[in-house]
Every structure is written in structure tokens, then in C-alpha cells.
Amino acid sequence: MRLRVEFTTEPFDLDDAPPHAVVAREVIQAAELDAVDVGPFGNTAEGGSDAVLTAVDALLRRALGAGATRVSLQVNVIGQDGEGEK
């Protein structure tokens, strides 16, 4: 199964990226995902279900640990992969 995750972390700071936002982006960029788009108001990533769910777990744990007071995310099924995916 292929998934797309969209997320934001709060509180926002329009002048400098807060530590929780930097950590969240680092987690997503380091994950084994097929497509990653990071921006100032939202971030999107796509990949196989195992990779996306692993990245979301790390994202939540690390962003909250770095001071996020809210993490908003949406996960969508966008298709099926080949054999071996769960």
C-alpha cells in the first residue's frame, strides 16, 4: 500500500523555523520515502506504508520532544505497491 502524509507542527514562527519544525523536516527527509516536499506552512511525503508509518512515528516522537505543542497530520492511501507490502 502507498501512503501520503501531510503534516504541520506548531507553534509557528514566521521569522525562524522553530526546533520542532526543523526536527520534523529532518525526520521526513532522512526517511526512505519516494517523494518529500517541505515548505513553511506544510509538508508532504509519499512512500510505502511501512516507511511512511515508521517516519510518522519518529516525526511525532521527535517533534513533540523538541517542543511542538501540536502536530496536525493527515494520512491518505494513494495506491497499491507490488508484492510484499502490508
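Computed over heavy atoms, backbone and side chain alike; hydrogens, waters and symmetry mates excluded.
- Under the side chain to side chain contact (heavy atoms under 4.5 Å, CB included) criterion, Ala55 pairs with Ile28, Ala31, Leu33, not counting sequence neighbours.
- Both Met1 and Leu73 belong to a single network of hydrophobic side chains, linked directly or stepwise wherever heavy atoms of I, L, V, M, F, W or Y lie under 4.5 Å apart.
- Applying the side-chain hydrogen bond (donor to acceptor under 3.5 Å, both in side chains) rule to Thr69 yields no partners; only residues at least two apart in sequence or on another chain are considered.
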message: Pair Glu10, Ser72 - check side chain to side chain contact (heavy atoms under 4.5 Å, CB included), show working.
response: CA-CA 8 Å; Glu10 296 179 37; Ser72 300; 4.2 Å; yes
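- Legend: residues meeting salt bridge (Lys or Arg N to Asp or Glu O under 4.0 Å) with Arg25, ordered by chain and number and at least two apart, are absent.
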field: Evaluation steps, side chain to side chain contact (heavy atoms under 4.5 Å, CB included), between Val75 and Arg4
entry: CA-CA 6 Å; Val75 178; Arg4 176 184 299 124; over 6 Å; no
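- No side-chain heavy atom of Val5 sits less than 4.5 Å from a side-chain heavy atom of Gln74.
- Looking only at side-chain heavy atoms (C-beta outward), Leu64 and Val71 come within less than 4.5 Å of each other.
- The salt bridge (Lys or Arg N to Asp or Glu O under 4.0 Å) test applied to Glu32 returns no partner, not counting sequence neighbours.
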- request: Run the numbers on Val38 and Gln29 for side chain to side chain contact (heavy atoms under 4.5 Å, CB included), then give the verdict.
  value: CA-CA 9 Å; Val38 296; Gln29 290 173 325; 3.6 Å; yes
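- Applying the side-chain hydrogen bond (donor to acceptor under 3.5 Å, both in side chains) test to pairs two or more places apart or on separate chains, those with a residue in residues 57-66 are Asp57-Arg61.
- The closest side-chain heavy-atom distance from Gln80 to Arg2 is not below 4.5 Å.
- In plain terms, the two heavy atoms of Val52 and Glu46 that are nearest each other are CG2-C, 4.2 Å.
- Applying the side-chain hydrogen bond (donor to acceptor under 3.5 Å, both in side chains) test to pairs two or more places apart or on separate chains, those with a residue in residues 11-24 are Thr9-His20.
- You'll find the side chain of Thr44 stays beyond 4.5 Å of the side chain of Val36, heavy atoms only.
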query: Given the rule in the side chain to side chain contact (heavy atoms under 4.5 Å, CB included) test, do Leu3 and Val77 qualify, once you have shown the distances and angles that lead to the verdict?
result: CA-CA 5 Å; Leu3 302 176; Val77 175; 3.7 Å; yes
